[in-house]
Amino acid sequence: MKGTVTRLYTPDNPALLPAICGPQHRNLMKLEMALIDGKLKADSQGGSIRLTGTQAAVADGEAALAAFERMLKSDPAAGEDAFEGAIDQARAPAESYGSLTGLRVPVMPQTRTQAQYIDYLTREGRDLVFGVGPAGTGKTYLAVAAGAAELRKKTKERLIITRPAVEAGENLGFLPGDLEEKVEPYLRPIWDALNEVLGADHVERMREKKIIEVAPLAFMRGRTLKNAFVIMDEAQNATIGQTKMVLTRLGRDSRMVVTGDPGQVDLPPKTPSGLAHALRILEGVEGTGIVHFTASDVRRHALVSRIIRAYDKDAGTSDDKTPRAGL
């Protein structure tokens with residue numbers, strides 16, 4: 001075919017070739033399907049991967065393979081879901097993929113949506129950022145990493161993370177301790193993320209000095225949060241009044257990130273979600289930014305994306321007309 005080129009991609013570490021190709025070369029098949037416009041053909045040849053197609057398709061293929069190889073070096077368990085992110089990364093303009101630096105390891109976006117999210121989390125003038133979408137898309141992890149990076153750069157004095165104490169089918173009243181102790185298990189993923197990007201010892205010292213604070217939503221009332229990076233997690237489970245209370249805590253030189261999954265509301269029936277309300281009334285307000293994640297941004301097991309799509313399809317065809325947080 002006229003205009004077709006062929007190039008070999010050879011991994012820096014030859015031992016990574018089987019993981020790059022994927023089981024039964026499924027990653028190479030994914031690459032071919034993703035770059036179908038360029039009629040890319042990808043197959044393993046000796047210690048390399050042969051790419052044949054248009055100049056642009058081959059260049060995108062090389063970029064995707066290189067991006068996935070970098071992921072494997074930092075996370076040997078990276079699988080097909082991460083490879084899809086590498087393809088997405090390769091097809092976006094390189095300059096759009098900034099990283100969060102100053103952490104134990106740089107945090108790189110794996111999809112266009114994650115890249116836009118990081119841009120909003122680090123851009124001047126975006127003092128209120130919403131990251132909404134299904135679980136596994138990185139919306140909370142990237143917000144935590146961005147807040148941790150601000151602490152390391154000393155551009156923010158505190159990192160404050162809060163979430164509503166809504167029971168997801170469980171009764172908090174039967175758990176021992178006060179409210180903060182009851183909610184602690186629900187905040188475990190936050191601490192895990194902080195430990196990963198900063199180191200457990202560093203996090204513990206910052207926690208003791210109140211530089212990092214993770215607390216239930218009720219603890220935010222009456223406070224003014226100055227020079228802080230504030231994250232409101234699981235915001236779909238906050239009422240309209242609670243959401244307004246938290247948003248109005250924003251003080252001078254602070255940034256707030258609101259994350260949530262509109263499809264996972266655990267509020268009592270007929271209780272409107274404050275997240276849906278805030279997204280509706282704050283759309284287009286100067287100083288805000290809204291990023292919508294989808295199933296294609298999920299970076300857990302590849303099956304998770306398919307599960308989410310199946311539920312979304314069922315919600316669209318089911319007779320059950322229960323509103324999904326207004327989105």
Side-chain angles (χ1 to χ4, degrees), residues 1-100 106-120 133 136-138 142 291-306 308-309 312-313:
M1 184 175 65
K2 188 176 180 180
T4 296
V5 299
T6 297
R7 285 203 290 268
L8 292 178
Y9 177 84
T10 304
D12 292 337
N13 181 357
L16 292 178
L17 184 63
I20 293 173
C21 293
Q24 288 80 54
H25 288 189
R26 285 201 294 265
N27 286 346
L28 300 187
M29 289 186 281
K30 286 178 182 290
L31 190 61
E32 291 176 346
M33 292 299 295
L35 303 180
I36 192 170
D37 291 343
K39 296 183 172 59
L40 183 75
K41 177 67 177 175
D43 56 83
S44 178
Q45 184 181 58
S48 304
I49 297 171
R50 183 173 60 188
L51 300 171
T52 303
T54 64
Q55 185 86 19
V58 169
D60 284 347
E62 288 178 315
L65 295 172
F68 187 54
E69 184 177 357
R70 289 193 298 271
M71 293 178 190
L72 285 169
K73 288 176 180 177
S74 61
D75 179 12
E80 292 178 52
D81 53 342
F83 186 76
E84 292 174 1
I87 295 173
D88 202 14
Q89 186 177 135
R91 301 186 72 181
E95 61 271 16
S96 71
Y97 279 90
S99 63
L100 296 170
V107 174
M108 296 287 295
Q110 296 184 16
T111 70
R112 287 186 181 89
T113 310
Q114 289 187 357
Q116 181 191 22
Y117 190 47
I118 288 179
D119 178 57
Y120 280 8
T137 51
L142 291 175
V291 178
H292 292 274
F293 293 88
T294 67
S296 62
D297 296 301
V298 171
R299 289 295 165 257
R300 291 181 178 171
H301 192 291
L303 181 58
V304 175
S305 294
R306 297 194 286 273
I308 291 170
R309 291 190 181 102
D312 286 345
K313 181 179 179 181

List the residues meeting side-chain contact (heavy atoms from CB on, under 4.5 Å) with Ala63, not counting sequence neighbours, and say none if there are none. Ala90
Tell me whether Glu69 contacts the main-chain N or O of Asp12 through its side chain, where contact means a donor paired with an acceptor under 3.5 Å. yes
Reported CG-to-CE distance for the pair Leu142 and Met108, which is rounded to 0.5 angstrom: 11.5 Å
Roughly how far apart are Gln114 CD and Asp119 CG, rounded to 0.5 Å? 13.5 Å
Value for CD (Glu32) from CG (Leu40), rounded to nearest 0.5 Å, stands at 6.5 Å
I need the minimum non-hydrogen distance between Lys30 and Glu84, along with the two atoms involved. NZ-OE2, 2.9 Å
Heavy-atom pair with the smallest gap, counting every atom of Asn27 and Phe83: O-CE2, 2.9 Å
Salt bridge (Lys or Arg N to Asp or Glu O under 4.0 Å) pairs, two or more places apart, involving residues 48-61: Asp43-Arg50
Do Ile118 and Tyr120 have side chains that approach each other closer than 4.5 Å (heavy atoms only, starting at C-beta)? no
Over all heavy atoms of both residues, which pair between Thr4 and Thr52 is shortest? Give the atoms and the distance, please. CG2-CG2, 3.4 Å
Close side-chain approach of Thr6 to Val58, heavy-atom, < 4.5 Å: no
Pair Leu16, Lys73 - check side chain to side chain contact (heavy atoms under 4.5 Å, CB included), show working. CA-CA 9 Å; Leu16 292 178; Lys73 288 176 180 177; 4.1 Å; yes
Between Ile49 and Leu65, is any pair of side-chain heavy atoms under 4.5 Å apart? yes
My understanding is that only residues two or more places apart in sequence, or in another chain, count here; which of them pass salt bridge (charged side-chain N to carboxylate O under 4.0 Å, His left out) with Arg26? Glu80
At what distance, to the nearest 0.5 angstrom, does OG1 of Thr10 lie from CG of Leu17? 9.0 Å
In short, Met71 meets Ala82 closest at the heavy-atom pair SD-O, 3.5 Å
Of the non-hydrogen atoms in Leu35 and Gly61, which two are nearest, and what is the gap between them? CD1-N, 3.7 Å
Closest approach of Glu62 and Tyr9, non-hydrogen atoms and distance? O-CE1, 4.0 Å
CD1-CG distance between Ile20 and Leu28, expressed to the nearest 0.5 angstrom: 9.5 Å
